[in-house]
There are 2 protein chains.
Amino acid sequence: MSKQERSTQFSKALMEVRSMVLDGSFPVGERLSETAVAEQLDVSRTPLRQALDRLIDEGLLERIETGGCRVASFSFDDIVDAIELRGVMEGTAARVAAERGVSVEKETECRQLLIKLDDAVFGADELDFSSYVSLNERFHELLTEMSGSKIIKREVERIARLPLASPSAFLDGQTSIPNFHASLKIAQAQHRAIFDAICRREGARAEALAREHARLARHNFDYVLNINPRLAERVPGMALVAS
Amino acid sequence: MSKQERSTQFSKALMEVRSMVLDGSFPVGERLSETAVAEQLDVSRTPLRQALDRLIDEGLLERIETGGCRVASFSFDDIVDAIELRGVMEGTAARVAAERGVSVEKETECRQLLIKLDDAVFGADELDFSSYVSLNERFHELLTEMSGSKIIKREVERIARLPLASPSAFLDGQTSIPNFHASLKIAQAQHRAIFDAICRREGARAEALAREHARLARHNFDYVLNINPRLAERVPGMALVAS
DNA sequence: GTTGAAATTATTGTATACAAAAATGTGTAT
DNA sequence: ATACACATTTTTGTATACAATAATTTCAAC
């Protein structure tokens with residue numbers, strides 16, 4: 001973040017390569033040539049290699065034993081596990097928030113955020129998708145912050161960067177999922193329940209609810225992969241899932 | 001790992017800088033000069049910067065807004081949170097192992113390992129510390145492997161690399177902790193209970209036990225920091241804890 | 001003595017050159 | 001035709017050079 005403002009070349013390489021990998025621009029499993037990619041992005045090899053190291057760390061690329069790296073491939077189970085872990089981590093953030101208490105400011109912000117989310121989901125107007133997505137992202141970020149722990153926040157967000165594990169991984173361009181609007185209502189009810197549990201200092205309930213909340217993503221993943229695969233190309237990262 | 005065999009300069013820089021940071025060789029908070037460190041380690045800046053990036057990612061260093069990096073400092077609560085997270089992650093590995101079942105080979109290996117650990121802790125001979133440490137490390141690694149998920153294994157181990165969060169962070173050179181041998185016996189009883197829960201497919205119990213097991217580290221941390229600070233210099237990473 | 005601005009120094013981020021090692025291609029022997 | 005060894009060509013890992021930016025010092029003004 002702070003680095004992404006300053007360091008143009010590295011952050012450019014990071015963002016571009018990441019989105020190309022998620023888009024499936026590189027064939028899964030094929031070694032990617034540093035010189036070729038560097039030339040393609042108009043960046044020297046030094047910041048590119050920095051970006052590749054980072055993407056290896058994120059798990060999107062994997063190192064080849066003899067040198068260089070390739071696009072990683074993920075099994076169905078891998079994605080399920082990543083989503084499960086995100087649920088576990090958000091559950092921990094929620095539990096810790098409940099156990100240790102939340103600052104008045106965060107509580108107030110969350111309360112107002114939930115009203116806006118209610119409005120977006122249950123309101124009379126037609127659903128504004130992109131605003132829902134950003135509100136949802138803010139809710140999940142706020143959840144990590146309510147834990148009051150910078151380490152928990154950092155590690156939850158790291159897990160959420162695993163492929164298809166983020167809270168909004170299946171939210172883009174998916175209006176065609178049946179009962180999708182209905183599932184957003186369920187999600188919002190869960191948001192409220194999690195917040196309620198935190199306010200009541202009910203740690204175990206908050207944790208269980210947050211875990212269950214993450215399973216909505218698992219359900220969407222299952223749908224996209226097994227029932228309606230033509231949606232796959234609209235979901236970034238789906239190209240990495242071995243079919 | 002695979003990279004550490006091949007790439008001598010990078011891995012050399014990584015290991016040396018990491019251990020220097022943990023030893024407190026660099027003053028906490030002070031910016032570390034790339035050229036100076038590179039010269040000191042007899043390595044060029046390129047692999048050194050790679051190592052620094054990695055250590056930033058691990059959380060041992062933090063980026064300075066204007067460029068470069070400094071040694072990170074951790075509060076008491078930060079360490080407590082890191083240990084908590086390790087417990088949560090190992091708990092997840094244990095629960096998943098219980099829920100999904102464990103391969104015969106892993107189960108057999110774990111059974112034999114537990115016998116060796118019993119021998120080390122409860123045996124007639126005097127405790128062989130270094131062999132206990134490596135057996136204990138293998139048990140925790142095996143726990144992640146019993147989950148059957150490479151993603152869970154990878155992320156558990158990543159969390160365990162947080163400062164003072166590893167299962168053996170407080171095991172070295174601490175024979176002077178009162179009742180230390182007794183606490184090893186408790187730990188071993190917990191190892192057995194976790195394994196028992198996994199074999200019986202009791203996921204919730206396995207998870208709870210693994211979490212509680214991690215709290216032994218928290219207890220040791222509390223002891224070293226608040227009751228017997230002269231032990232601190234023997235524990236790598238303790239130099240990073242703000243006093 | 002303190003403050004502020006300009007100049008100097010040091011440090012980082014990036015590009016590139018180079019050497020070692022891996023991948024590829026060629027030719028020969030069987 | 002296939003397998004194996006050797007030579008060639010890429011490709012990676014490392015060192016270093018360079019430019020832009022940040023830190024520091026110096027010096028003057030108040």
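Chain identifiers are assigned alphabetically (A, B, ...) following the order of the sequence lines, protein sequences preceding nucleic acid strands; residue numbering begins at 1 within each chain.
Protein atom CD of B/Gln9 is 10 Å distant from nucleotide atom C1' of D/dA15, rounded to whole Å. Put simply, CD on A/Glu65 is 18 Å from P on C/dA21, counting in whole angstrom units. One atom, CD1 of A/Ile64, and another, P of C/dA22, lie 13 Å apart when rounded to the nearest Å. Whole-Å rounding puts the A/Phe10 CZ to C/dT14 C1' distance at 13 Å. In this structure, CZ of A/Arg70 is placed 10 Å from P of C/dA23, rounded to the nearest angstrom. When rounded to the nearest whole Å, the span between CD of A/Glu39 and P of D/dT11 equals 11 Å. Put simply, CZ on A/Arg49 is 10 Å from C1' on D/dT11, counting in whole angstrom units. If you take CG of B/Leu14 and P of D/dG13, they are 15 Å apart, rounded to a whole angstrom.
In this structure, the nucleotide among C/dA15, C/dG13, D/dA23 sitting nearest to the side chain of B/Arg63 is C/dG13. Of all nucleotides listed (C/dT11, C/dT14, C/dG13), C/dT11 comes nearest to the side chain of B/Thr35.
When the side chain to side chain donor-acceptor pair (under 3.5 Å) test is applied to A/Ser149, the partners found at least two apart in sequence or on another chain are B/Asp81. Partners of A/Phe26 under the ring-ring contact (aromatic ring centres under 6.0 Å, His included) rule, at least two apart in sequence or in another chain, do not exist in this structure.
Comparing B/Arg31 and B/Pro47 by the nucleotide of DNA chain D that holds the closest heavy atom to each, the one mapping nearer the 5' end is B/Pro47.
Backbone-only contact: B/Leu32 has heavy atoms under 4.0 Å from sugar-phosphate atoms and none from a base.
For A/Lys116, the NZ atom counts as loosely surrounded, since its 6.0 Å shell holds 12 or fewer non-hydrogen atoms of other residues, nucleotides or ligands. Other residues, nucleotides and ligands contribute more than 12 heavy atoms inside 6.0 Å of the CD atom of B/Glu62. Under a cut-off of 6.0 angstrom, the local environment of CG in A/Asn226 is crowded, with over 12 non-hydrogen atoms contributed by other residues, nucleotides or ligands.
Between B/Arg86 and B/Ala217, the shortest heavy-atom contact is NH2-CB, 3.6 Å.
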Protein and nucleotides 16-21 of chain D: nitrogen or oxygen contacts under 3.5 angstrom:
| from | atom 1 | to | atom 2 | distance (Å) |
| --- | --- | --- | --- | --- |
| D/dT16 | O4 | B/Thr46 | OG1 | 3.1 |

Which is it for A/His213 and A/Glu90 under the side-chain hydrogen bond (donor to acceptor under 3.5 Å, both in side chains) test, yes or no, and what are the steps along the way?
CA-CA 9 Å; A/His213 182 57; A/Glu90 289 187 337; 5.8 Å; no
